[in-house]
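Numbering starts at 1 and runs along the sequence shown.
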Amino acid sequence: MERQRQPAFHIYNQYVVRSAQRDKLQAHLKAAGIGTEIYYPVPLHLRNALRVWGYRLGDFPEAEAAARETLALPIYPELTHEQLEHVATSLRGFC
């Protein structure tokens, strides 16, 4: 018996933006009732588990900048069009 394949589609896990004013953006979105998350506040080379390798602040400036600037926005299947519009409008209002 041959198994039929179901249509494939993407399931988004994170929708991440970068801003040099990440913390202010996060506060702006919070005031608008929008939850956000900072998933990786410390770059890998500065984490305790990798301390044995001897990397220091400044060794990977792009990774460090990304850790300071990235912010995850809401993304999940139940997000309504109205909620999506609210997030987009709030983002535009920050700029």
Side-chain angles (χ1 to χ4, degrees):
M1 182 168 143
E2 187 174 322
R3 192 173 183 185
Q4 287 194 328
R5 297 185 85 184
Q6 297 293 322
F9 58 93
H10 195 283
I11 55 167
Y12 297 96
N13 179 41
Q14 295 177 11
Y15 191 90
V16 179
V17 296
R18 281 182 79 163
S19 172
Q21 298 180 321
R22 182 208 43 211
D23 295 339
K24 288 182 180 179
L25 174 58
Q26 186 176 39
H28 172 79
L29 295 174
K30 182 178 182 180
I34 300 168
T36 60
E37 190 64 54
I38 299 169
Y39 287 112
Y40 306 105
V42 178
L44 291 176
H45 67 284
L46 296 179
R47 291 184 179 259
N48 287 338
L50 302 181
R51 186 169 289 174
V52 67
W53 290 355
Y55 293 119
R56 298 177 190 266
L57 187 65
D59 286 344
F60 297 95
E62 290 302 317
E64 293 162 19
R68 286 190 307 271
E69 298 174 354
T70 55
L71 183 66
L73 302 177
I75 184 90
Y76 49 92
E78 298 83 12
L79 191 67
T80 67
H81 183 74
E82 291 78 20
Q83 290 170 318
L84 177 61
E85 285 293 326
H86 180 58
V87 172
T89 300
S90 297
L91 280 169
R92 284 192 300 268
F94 181 74
C95 297

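- The distance from the CZ atom of F60 to the CG atom of L46 is 9.5 Å, given to the nearest 0.5 Å.
- With rounding to the nearest 0.5 Å, the separation of CZ in R56 from CZ in R51 is 10.5 Å.
- Y55 and L57 fall into different hydrophobic clusters, where Ile, Leu, Val, Met, Phe, Trp and Tyr are joined by side-chain heavy atoms under 4.5 Å apart, directly or via other members.
- Pairing each heavy atom of A63 with each of H45, the nearest pair is CB-CE1, 4.3 Å.
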For residues 69-81, dump all side-chain donor-acceptor pairs below 3.5 Å to protein atoms at least two apart in sequence or in another chain.
{"unit_1": "E69", "atom_1": "OE1", "unit_2": "R18", "atom_2": "NE", "d": "3.2"}
{"unit_1": "E69", "atom_1": "OE1", "unit_2": "R18", "atom_2": "NH2", "d": "2.9"}
{"unit_1": "T70", "atom_1": "OG1", "unit_2": "A66", "atom_2": "O", "d": "3.0"}
{"unit_1": "T80", "atom_1": "OG1", "unit_2": "Q83", "atom_2": "N", "d": "3.0"}
{"unit_1": "T80", "atom_1": "OG1", "unit_2": "Q83", "atom_2": "OE1", "d": "3.2"}

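- Across every non-hydrogen atom of L25 and S19, the tightest pair is CD2-CB, 4.0 Å.
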Hey, can you pull the donor-acceptor pairs under 3.5 Å for the side chains in residues 27-43, sequence neighbours left out?
{"unit_1": "H28", "atom_1": "NE2", "unit_2": "S90", "atom_2": "O", "d": "2.9"}
{"unit_1": "T36", "atom_1": "OG1", "unit_2": "Q26", "atom_2": "NE2", "d": "3.0"}

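- Between R68 and R22, the closest heavy-atom pair is O-CZ, 3.0 Å.
- At most 12 non-hydrogen atoms from other residues, nucleotides or ligands lie less than 6.0 angstrom from CD of E62.
- Put simply, NZ on K24 and CZ on F94 are 7.5 Å apart, with the number rounded to the nearest 0.5 Å.
- In the displayed structure, Y15 atom OH is contacted under 6.0 Å by at most 12 heavy atoms of other residues, nucleotides or ligands.
- Without hydrogens or angle criteria, R92 side chain to V87 main chain gives no donor-acceptor distance under 3.5 Å.
- One distance of note links CD of E82 with OG1 of T89; it measures 11.5 Å at 0.5 Å rounding.
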